[in-house]
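Okay, structure first, notes after.
Excluded from the calculations below are hydrogen atoms, water molecules and symmetry mates; all remaining heavy atoms, backbone and side chain alike, are included.
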Amino acid sequence: MSLANRDLQVIWHPYTQMQTAQPPIPIVRGEGTCLYDEDGKKYIDAISSWWVNIHGHSHPYIAQKIAEQLNKLEHVIFAGFTHQGAIELAERLLNILPANQAKAFYSDNGSTAVEVAIKMCLQYWHNKGQQRTKILAFKNAYHGDTFGAMSVSGRSAFTAAFDSLLFEVEFIDLPTAENIENIKAQISSLKSELSCFIFEPLVQGSAGMVMYDAEYLEELMAHCRQEGVLLIADEVFTGFGRTGKSFACDHVSTQPDIMCFSKGLTGGTMAFGLTTCTQEIYNAFLSDDKMKTLFHGHSYTANPVACAAALASLDLFLAPSTQDNIDRIVVKHSQFANKVAGHRSIKTTRQTGTILALEWETGNNTSYFSSLRDTLYHYFLDAGIILRPLGNIIYILPPYCITDAELDYIYSVIEKALDEI
Ligand SMILES: Cc1ncc(COP(=O)(O)O)c(C=O)c1O
């Protein structure tokens, strides 16, 4: 039996309607920006395998560091024990994050990084004896699939079956020149109840690569700070160069109280999550009273192999050639966006850093369930490109090592699709 058929016997895939989905494509090898299936067909991974991969697949340097770590120490309980990799990673990351970030809390993925951030905020106020339990978030936000992360995400098809069980959140629009004063007034009217504001800085990935201005994010963050509302920047997607700078928060001057990371943290090699916070947040948990402890942890917290992968990825990320590659992708994306902007099949183009999104004109409203999605997905797969449209929105989000020739090939297939579909 083929791998695909064996898969269908035993596996339930994420975000997949198993009754109607095509059999999955068995991938046997990855190298650079490319993945190879069992028949040897090559695919350019233009979405960095769900936005995680930043240096290319099976990177030899990361692989070597992981192998060395595996032969030394594969795992150790992280309560009562520590290890070199976890310490060094925290030291080095805190060095490049906004200056107020002081402590690192490890977990397993983006959703858990968000859960930890929410719990830090809610318990911060609890430990201080203040009743601030409401959370502020953007409509259409996506912060993950666990219950806390779902609660602070916009209500959508993803959450519909659970809506009545999710905790209440105050949702606001993305800030613009027109609505910023109203949003600020809304926040001020609720301020004594609000514990925190969680946001995806600059780009809402899952919402369809929806982008908004740093200027209004800055204004919103400064206002929350003034009103005593804690700021959680969810950089799970935007972190590690995606927006052109190391972190999306580098585009604003107000520093968040808490930050969440995953995806690019290990260069896309290991499941890993990280929540960082200020000394002020951390201090609110220090007490002789054990009830003020942050009672949160996962079996694999600060896994040494994941730390080794993250340290190796950080070495590569901080090499000047990586920023050069990011700058190169930014320029090429914008040249391509300008070229296709007037095409009859394009509704809008938008770009932040290395993220380029094109909204296909369907004659209907933009929708995650657009029937165009499957047509586009298979069109690009046939051409050897993995682009996974969000409804009628396609986006290119490549590993930074993608070559000009590979980018040009992706652009040319998109242009062909614009004419043909
Ligand atoms: C902004 C943001 N936060 C959180 C998550 C959840 O991360 P994970 O899928 O690792 O749980 C995602 C995933 O796409 C995300 O884009």
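Residues satisfying the ring-ring contact (aromatic ring centres under 6.0 Å, His included) criterion with His378, sequence neighbours excluded, are absent altogether. In this structure Tyr300 satisfies the ring-ring contact (aromatic ring centres under 6.0 Å, His included) test together with His75, sequence neighbours excluded. Partners of Ser253 according to the side chain to side chain donor-acceptor pair (under 3.5 Å) rule, which considers only residues two or more places apart in sequence or in another chain, are Glu218. By the ring-ring contact (aromatic ring centres under 6.0 Å, His included) test, Phe78 pairs with His83, sequence neighbours left out. Remark: Tyr216 engages no residue in a side chain to side chain donor-acceptor pair (under 3.5 Å) (not counting sequence neighbours). Evaluation of the ring-ring contact (aromatic ring centres under 6.0 Å, His included) rule for His126 yields no partner, not counting sequence neighbours. The side chain to side chain donor-acceptor pair (under 3.5 Å) check on His55 picks up Ser313, with sequence neighbours excluded.
The distance between the ring centers of Phe247 and Phe240 falls below 6.0 angstrom. Taking the six-membered ring for Trp and the full ring otherwise, Phe138 and Tyr212 have centroids separated by under 6.0 Å.
Here Glu359 pairs with Arg350 in a salt bridge; the nearest charged N to carboxylate O distance falls below 4.0 Å. Under a 4.0 Å N-O distance rule, the pair Lys184/Glu219 qualifies as a salt bridge.
To the nearest 0.5 Å, atoms CZ (Phe199) and CD1 (Ile232) are separated by 9.0 Å.
Within the structure, side-chain hydrogen bond (donor to acceptor under 3.5 Å, both in side chains) contacts touching residues 396-405 (residues at least two apart or in different chains) are Arg328-Asp404, Thr403-Glu406. Applying the salt bridge (Lys or Arg N to Asp or Glu O under 4.0 Å) test to pairs two or more places apart or on separate chains, those with a residue in residues 246-274 are Arg225-Asp257. Applying the salt bridge (Lys or Arg N to Asp or Glu O under 4.0 Å) test to residues at least two apart or on different chains, the pairs with a partner in residues 92-101 are Arg92-Asp315. Judged as a side-chain hydrogen bond (donor to acceptor under 3.5 Å, both in side chains), the pairs with a partner in residues 128-137 (not counting sequence neighbours) are, in order, Lys134-Glu193.
The aromatic rings of Tyr106 and Phe272 lie parallel to each other, their planes meeting at an angle below 30°, with 60° marking the opposite boundary.
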*Verdict with reasoning, Thr254 to Leu231, per side chain to side chain contact (heavy atoms under 4.5 Å, CB included)*: CA-CA 10 Å; Thr254 300; Leu231 296 164; 4.0 Å; yes
*Verdict with supporting geometry, Leu286 and Asn283, side chain to side chain contact (heavy atoms under 4.5 Å, CB included)*: CA-CA 5 Å; Leu286 301 179; Asn283 286 349; 3.6 Å; yes
*Does the pair His59 and Asn53 meet the rule for a side chain to side chain donor-acceptor pair (under 3.5 Å), with working shown?*
CA-CA 10 Å; His59 196 289; Asn53 192 299; over 6 Å; no
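Between the side chains of Tyr124 and Glu280, at least one donor N or O lies within less than 3.5 Å of an accepting N or O. Side-chain polar atoms of Glu200 and Thr238 form no donor-acceptor pair below 3.5 angstrom. With no hydrogens or angles considered, no side-chain donor-acceptor pair links Gln186 and Asn182 at under 3.5 Å.
At most 12 non-hydrogen atoms from other residues, nucleotides or ligands lie less than 6.0 angstrom from CZ of Phe81.
Between the side chain of Gln204 and the backbone N or O of Tyr142 there is no donor-acceptor pair closer than 3.5 Å. Formation of a donor-acceptor pair under 3.5 Å by the Thr278 side chain with backbone atoms of Ile281 is found in this model. Judged by distance alone, the side chain of Asp37 and the main-chain N or O of Ile25 form no donor-acceptor pair under 3.5 Å. Side chain of Ser151 to main chain of Phe167: a donor-acceptor pair is present (N/O by atom type, distance under 3.5 Å, no hydrogens or angles). Listed for the Thr243 side chain is no donor-acceptor partner under 3.5 Å among the backbone atoms of Gly353. Of the possible polar contacts, none joining the Gln255 side chain to the Pro98 backbone as a donor-acceptor pair under 3.5 Å is found. At least one donor-acceptor pair under 3.5 Å links the side chain of Asn179 to the backbone N or O of Thr176.
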Which donor-acceptor pairs under 3.5 Å do the side chains of residues 108-116 make with protein atoms, sequence neighbours left out?
unit_1: Asn109; atom_1: OD1; unit_2: Ser111; atom_2: N; d: 2.9
unit_1: Asn109; atom_1: OD1; unit_2: Thr112; atom_2: N; d: 2.9
unit_1: Asn109; atom_1: OD1; unit_2: Thr112; atom_2: OG1; d: 3.4
unit_1: Ser111; atom_1: OG; unit_2: Asp145; atom_2: N; d: 3.2
unit_1: Thr112; atom_1: OG1; unit_2: Ser107; atom_2: OG; d: 2.9
unit_1: Thr112; atom_1: OG1; unit_2: Asp108; atom_2: N; d: 3.1
unit_1: Thr112; atom_1: OG1; unit_2: Asn109; atom_2: N; d: 3.0
unit_1: Thr112; atom_1: OG1; unit_2: Asn109; atom_2: O; d: 2.9
unit_1: Glu115; atom_1: OE2; unit_2: Thr146; atom_2: OG1; d: 2.5
unit_1: Glu115; atom_1: OE2; unit_2: Gly148; atom_2: N; d: 2.8
unit_1: Glu115; atom_1: OE2; unit_2: Ala149; atom_2: N; d: 2.8

